[in-house]
Amino acid sequence: MTFAKRYERDRMPPRNLSSLARLAVAICLVSSLNALSAAVEPKKPADPNLIMWTDPGDIKSKNLFYGPGGEENQPKLPVTFIKEDLNGHSPKFDVRDAAGKKWKAKMDIEAHTEPVASRLVWAVGYLTNENYFYPTLKIEGLPAHLSRGQEFVGPEGEVHGVRLQTHPDHLEKRKNWSWHHNPFIHTRQFNGLRVMMAVINNWDLKDDNNGIFTEAKDAEKKVYAVSDLGASFGSSGESYTNKGSKGNLVAYRHSGFLSRVARHHVDFKFPTHLPFLYIFNLPHFLSEFRNRSIGKHIPRADAKWAGSLLAQLTPQQIRDAFRAGGYTSEEAEGYAVILEKRIAQLNAL
């Protein structure tokens, strides 16, 4: 069976859902669409201390190889192991650099995808974490055996394919926020963020992947951001394996983009529902099904606005972002071509 046929099979709704489950799915979808449906005219949040987007200024001047942290804020080597972090799916652990700054080291597929996604989202005005990818990185004090990710560790304590991440120095993550209940519903900046998730196929839209950040000197000001962008550049929804749903060029190419263009609104082919077998975990299935509304009924003008920001990126900037994730020139070109086609579709609305 070809990839395209397997992908289409997984997108079809399960036929053996009970009547109660079908009703739950329908209620979940309708309520989510009602919550996220946005007016044609963009609105602004009532409280000026709440921030989701800021004017990015001259987008063409941004360095997408080094990203939001810039060259000057890279980790100061060497880095020293602190402890393992067993949360989430990707193997990761905490380290401290030579300047005393704490970083989160992550391995496997998301070590490549997250640096790219964060640079693209940051470039158009949204807050993201600072990410740096290392093909090989020596970790001082690394244990002889890790609970996860041992296959990425070399004989001399060097780790292969690792991403170091931290948030900006002046900000601290306080709590999570929800795609379905937040102060930015119906605003252009929120709709633009929804579009960005569709552009990069970041389907892992759990609340705990979002963060509200505050400044120590100004606790009243709150910045809303997506703090985990690793599940990007693969299929448009969770698959049976990470290799099919994240950092997969074939899956990204076949996932499609716009599914419906109406007079005032657009729908994206994102995020798609879970594959068949997840129906046996009904709470998770319904939660992910509810998130389908995030890519639906977005004001056409807001989608085009997001596209106009992305269109200011040069071809070299886009390819620099993928190089920053450790992709080869050939891989970067493949992803960049798909991304540029999506940007063109947004600007043609």
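Here the structure is a predicted model, which means the values were calculated and not measured.
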Tell me whether [Y] is reachable from [X] by hopping between hydrophobic residues (I, L, V, M, F, W, Y) whose side-chain heavy atoms are closer than 4.5 Å.
X: I343; Y: V337; result: no
X: W103; Y: F133; result: no
X: L64; Y: Y134; result: no
X: F152; Y: Y327; result: no
X: V162; Y: L229; result: no

> Taking only residues at least two apart or on different chains, which pairs with a member in residues 331-349 satisfy side-chain hydrogen bond (donor to acceptor under 3.5 Å, both in side chains)?
Replying inline: N201-R342, S255-R342, R319-E333, R319-E340, T328-E331
> Is there any side-chain hydrogen bond (donor to acceptor under 3.5 Å, both in side chains) pair reaching into residues 120-130, and which pairs are they, with sequence neighbours excluded?
Replying inline: none
pair [X]-[Y]: side-chain heavy atoms closer than 4.5 Å:
X: H112; Y: R163; value: no
X: L346; Y: W305; value: no
X: V195; Y: V266; value: no
X: L86; Y: S147; value: yes
X: Q189; Y: T54; value: no
X: V153; Y: H145; value: no
X: P183; Y: D47; value: no
X: I139; Y: E158; value: no

Looking at [atom1] of [X] and [atom2] of [Y], how far apart are the two atoms once the value is rounded to the nearest 0.5 Å?
X: W179; Y: F190; atom1: CH2; atom2: CZ; result: 6.0 Å
X: M107; Y: L137; atom1: CE; atom2: CG; result: 11.0 Å
X: W53; Y: L193; atom1: CH2; atom2: CG; result: 12.5 Å
X: H265; Y: R260; atom1: NE2; atom2: CZ; result: 9.5 Å
X: K92; Y: D85; atom1: NZ; atom2: CG; result: 5.0 Å
X: K175; Y: D207; atom1: NZ; atom2: CG; result: 12.0 Å

Do any N or O atoms from the side chain of [X] and from the backbone of [Y] form a donor-acceptor pair under 3.5 angstrom?
X: N176; Y: G211; value: no
X: N248; Y: G234; value: no
X: D108; Y: E110; value: no
X: R174; Y: I212; value: no
X: Q165; Y: N131; value: no
X: R119; Y: Q317; value: no
X: D204; Y: N209; value: no
X: K60; Y: Q312; value: yes
X: R300; Y: A262; value: yes
X: K83; Y: F93; value: no

> Do I294 and F268 pass the side-chain contact (heavy atoms from CB on, under 4.5 Å) test, and can you show the C-alpha distance, the side-chain angles, and the key distance before you say yes or no?
Replying inline: CA-CA 9 Å; I294 295 170; F268 293 95; over 6 Å; no
> Is there a donor-acceptor contact under 3.5 Å linking the side chains of K101 and T166?
Replying inline: no
Where [X] and [Y] come nearest, the two heavy atoms and their spacing:
X: V79; Y: K76; answer: CG1-O, 4.5 Å
X: V124; Y: L309; answer: O-CD1, 3.7 Å
X: K106; Y: A111; answer: O-CB, 3.3 Å
X: G141; Y: F81; answer: O-CB, 3.6 Å
X: G295; Y: P271; answer: N-CD, 4.1 Å
X: R96; Y: G100; answer: NH1-O, 3.2 Å

>> Please determine whether a side-chain nitrogen of the Lys or Arg among D228 and K206 lies less than 4.0 Å from a carboxylate oxygen of the Asp or Glu.
In response: no
> Are R188 and D302 within salt-bridge range, i.e. N to O under 4.0 Å?
Replying inline: yes
> Which other residues belong to the hydrophobic cluster containing I82, where Ile, Leu, Val, Met, Phe, Trp and Tyr are joined when side-chain heavy atoms lie under 4.5 Å apart, directly or via other members?
Replying inline: none
> Under a single-linkage rule joining Ile, Leu, Val, Met, Phe, Trp and Tyr whose side-chain heavy atoms are separated by less than 4.5 Å, which residues share a cluster with F213?
Replying inline: I51, L127, L171, V223
>> If you apply the rule side-chain contact (heavy atoms from CB on, under 4.5 Å), what do you find for E71 with F65, and how did you get there?
In response: CA-CA 9 Å; E71 184 177 6; F65 183 75; over 6 Å; no
>> Quick test of your reading: applying salt bridge (Lys or Arg N to Asp or Glu O under 4.0 Å), list the pairs with at least one residue in residues 133-154, sequence neighbours left out, ordered by first then second residue.
In response: none
>> Evaluate N210 against Y224 for side-chain contact (heavy atoms from CB on, under 4.5 Å), listing each step before the verdict.
In response: CA-CA 8 Å; N210 300 332; Y224 287 63; over 6 Å; no
> When F233 is tested against each of I200, N202, I109 for side-chain contact (heavy atoms from CB on, under 4.5 Å), which residue passes?
Replying inline: I200
> Passes side-chain contact (heavy atoms from CB on, under 4.5 Å), W177 versus M52? Steps please.
Replying inline: CA-CA 11 Å; W177 60 271; M52 178 168 276; 3.8 Å; yes
>> Once ring-ring contact (aromatic ring centres under 6.0 Å, His included) is applied, do any residues pair with Y66, and if so which ones, sequence neighbours excluded?
In response: none
